[in-house]
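Computation of the quantities below employed the complete heavy-atom set of this structure, encompassing side-chain atoms and omitting hydrogens, waters and symmetry-equivalent molecules. Since this is a predicted model, take the numbers as computed values, not measurements. Per chain, numbering begins at 1; letters A, B, ... match sequence-line order.
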Amino acid sequence: MTNAIDVTDLHVSITGSHVLQGVSLEVPRGGVTALLGRNGVGKTTTLRALLGLAARTGQVTILGQDTRGWPTHRVVQLGVGYVPEDRDVFAGLTVAENLRLAERVAEPNYDEAYALFPELKTRYKQRAGTLSGGQQQMLSIARVLLNAWPVLLIDEPSKGLAPKLIGDLVDALERIATGATILLVEQNLAVVKRLAQRVVVLDHGEVVHTGAVGDLADPHLAQRLLGVAGAP
Amino acid sequence: MSVFLTLAFSSLALGAIYFLAASGLSLIYGLMDVLNLAHGMFMTLGAYAGWDLATHLPATWNAAGVFVAEVVAAILGGALAAGLTEVVLIRPLYGRPLSQILVTIGLDLAVVALLLGGFGSSSLTLPVPLWLIEATRSGNLILAHADFIAIGLGVAVLVALEWFLKRTRYGITIRAGVENREMVQALGIDVGRAFTLVFVIGGAMAGLAGLLYSVTFAGDLISPLQGDSLLIFALIVVVIGGLGSIRGSAVAALLVGVVQDYTNYYLGTHSGLAEIGNLSVVLLLALVLEWRPRGLFGRTV
């Protein structure tokens, strides 16, 4: 079976800065692949380039389709959900409107979204801008669950959340991962170790390590690759 | 007191026209970052479309029917001009806002020149029913019938637009796109369709504004440059109201209408300065920007 995502020689320049310098990686179908690396190495840019939100060169094949020149909405309709780093819920819209806007299939799966995040149901009419950071993150994830997309690109879901909330979130993501392929950008190594099976490490705009999540247990490797001490 | 009320009524009508002219401009900028300087041209073309249709209708039509046809033609004319502008000229220039602004200026100049060449520089008279030229009087209180039409249509459009933006999927898409266009695309939505739709809606309202301006404040005359002078006030309304906000446009349009009308009467008639109403609007703009740089309803990012 083909991979969910195949990237070959991906280059992205943003305002003159060569952010991605030939990234090649593959994301097998099923489970969680974590995209790791220090701040500013191009993890978010990689996700954005996959979606066509950043101008790129190189080959990106998603679910067997060469997406060269595709506009973002077409890539998404292929079955790719995106949970961006800063949630990017629409602050002026209600929770209900945010969700309605995300519906791309005839029968959106609200049951799944509410089963994981029951709070969204009770706050249906509330403006998304007045939700807490954690609630906004739930809404951002719920948006991609409605369509049961086979591929999810999730950028730093735990960022800025209290430890208790992170625990709930990881439980939810673990359940979501049983039915989808997730490419996860995450700084919190405890979260990575709990969710991911595979890791891809970026440095200076290139892939410097690809392997199993167990590789991170070696503190020297973690230190060298991520600039952090081995996580607990 | 009755003079005061007469002015209140006519400034409401002026505000309604400014709202129709400005709200499309505001939505277009909010969603697409395009400062559409061809918007005045849509207003002018709306008025000309109404006039052109009226001159081609059979003489058996009664005056009221002719006027309704003019209104419909103005709306459709403005919508068609705006839709074509977006598809043919704006769309190839996505991501290049400066080029888009320049192309709208060029289009405006070209269309005005074509109208001058085709119809001449003198004003044309729009056929309207006698009732529309008359007014209801009670002592010194004068309520121009054309103002009733402008206020009624302005309120109807405001209500319809609010409903559309709140209740329909396209409306929600447009509101979301004004906030964060990229995220709308990342939800799998073809935002280009929303762009065309916003242009068409804005153009329809502009066409209506152009025609209503002729029947309320220009003595039923239309001229190739009328849209450009309206555009200046529409731009001021958009900035005062806050870019991308319909409610802001409505409030600012009323404010500008009231300030302009009252100043013109109370200061203009006594000082002999005919343009003092326009000056007062610019002062209002400066005061609002000093107090709220993003406009009355502008969102802080």
Q: Hey, which residues of residues 129-151 of chain A are touching chain B, say heavy atoms under 4.5 Å apart?
A: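 Listed by number, the contacting residues are A/R143.
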Q: Is it the case that atom NE2 in A/H204 sees more than 12 heavy atoms from other parts of the structure closer than 6.0 Å?
A: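 No, not enclosed.
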Q: For the residue pair A/P84 and B/M183, what are the closest heavy atoms and their distance?
A: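 Nearest pair, atom of A/P84 first, then B/M183: CG-SD, 3.6 Å.
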Q: The test is side chain to side chain contact (heavy atoms under 4.5 Å, CB included); show your working for B/R175 and A/F90 and say whether it passes.
A: CA-CA 9 Å; B/R175 279 162 57 213; A/F90 301 104; over 6 Å; no
Q: What residues of residues 103-117 of chain A make heavy-atom contacts with chain B at a cutoff under 4.5 angstrom?
A: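 The list, in residue order, reads A/E103, A/R104.
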Q: Looking at A/T72, A/V75, A/V76, which hits side chain to side chain contact (heavy atoms under 4.5 Å, CB included) with B/Q185?
A: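 Running side chain to side chain contact (heavy atoms under 4.5 Å, CB included) over A/T72, A/V75, A/V76 with B/Q185 returns exactly one hit, A/T72.
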Q: Considering only residues two or more places apart or on different chains, which pairs with a residue in residues 58-88 of chain A satisfy ring pair (Phe, Tyr, Trp, His ring centres under 6.0 Å)?
A: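 Every pair satisfying ring pair (Phe, Tyr, Trp, His ring centres under 6.0 Å) with a residue in residues 58-88 of chain A: there are none.
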Q: Test side chain to side chain contact (heavy atoms under 4.5 Å, CB included) on A/L101 and B/I189 and set out the steps.
A: CA-CA 9 Å; A/L101 199 63; B/I189 295 168; 3.9 Å; yes
Q: For the pair B/R169 (side chain) and A/R100 (backbone), establish whether a donor and an acceptor sit closer than 3.5 Å, ignoring hydrogens and angles.
A: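 Yes; judged by distance alone, with no hydrogens or angles, the pair exists.
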Q: If you take all heavy atoms of A/L53 and B/E182, which pair is closest and at what distance?
A: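 Minimum heavy-atom contact is CD2-CG, 3.2 Å.
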Q: Counting heavy-atom pairs under 4.5 Å to chain B, which of A/G52, A/G81, A/A91 comes out on top?
A: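 The option with the most such pairs is A/A91.
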Q: Please name all residues satisfying ring pair (Phe, Tyr, Trp, His ring centres under 6.0 Å) with B/Y170, sequence neighbours left out, ordered by chain then number.
A: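 Not a single residue meets the ring pair (Phe, Tyr, Trp, His ring centres under 6.0 Å) criterion with B/Y170.
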Q: Pick one of side chain, backbone, both or neither for A/R48, based on which atoms fall under 4.5 Å of a heavy atom in chain B.
A: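 Contact with chain B is through the side chain of A/R48 alone.
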Q: So for atom CZ, which belongs to B/R193, do other residues, nucleotides or ligands contribute more than 12 heavy atoms lying within a distance under 6.0 Å?
A: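 No - once you tally the heavy atoms of other residues, nucleotides and ligands closer than 6.0 Å, there are 12 at most.
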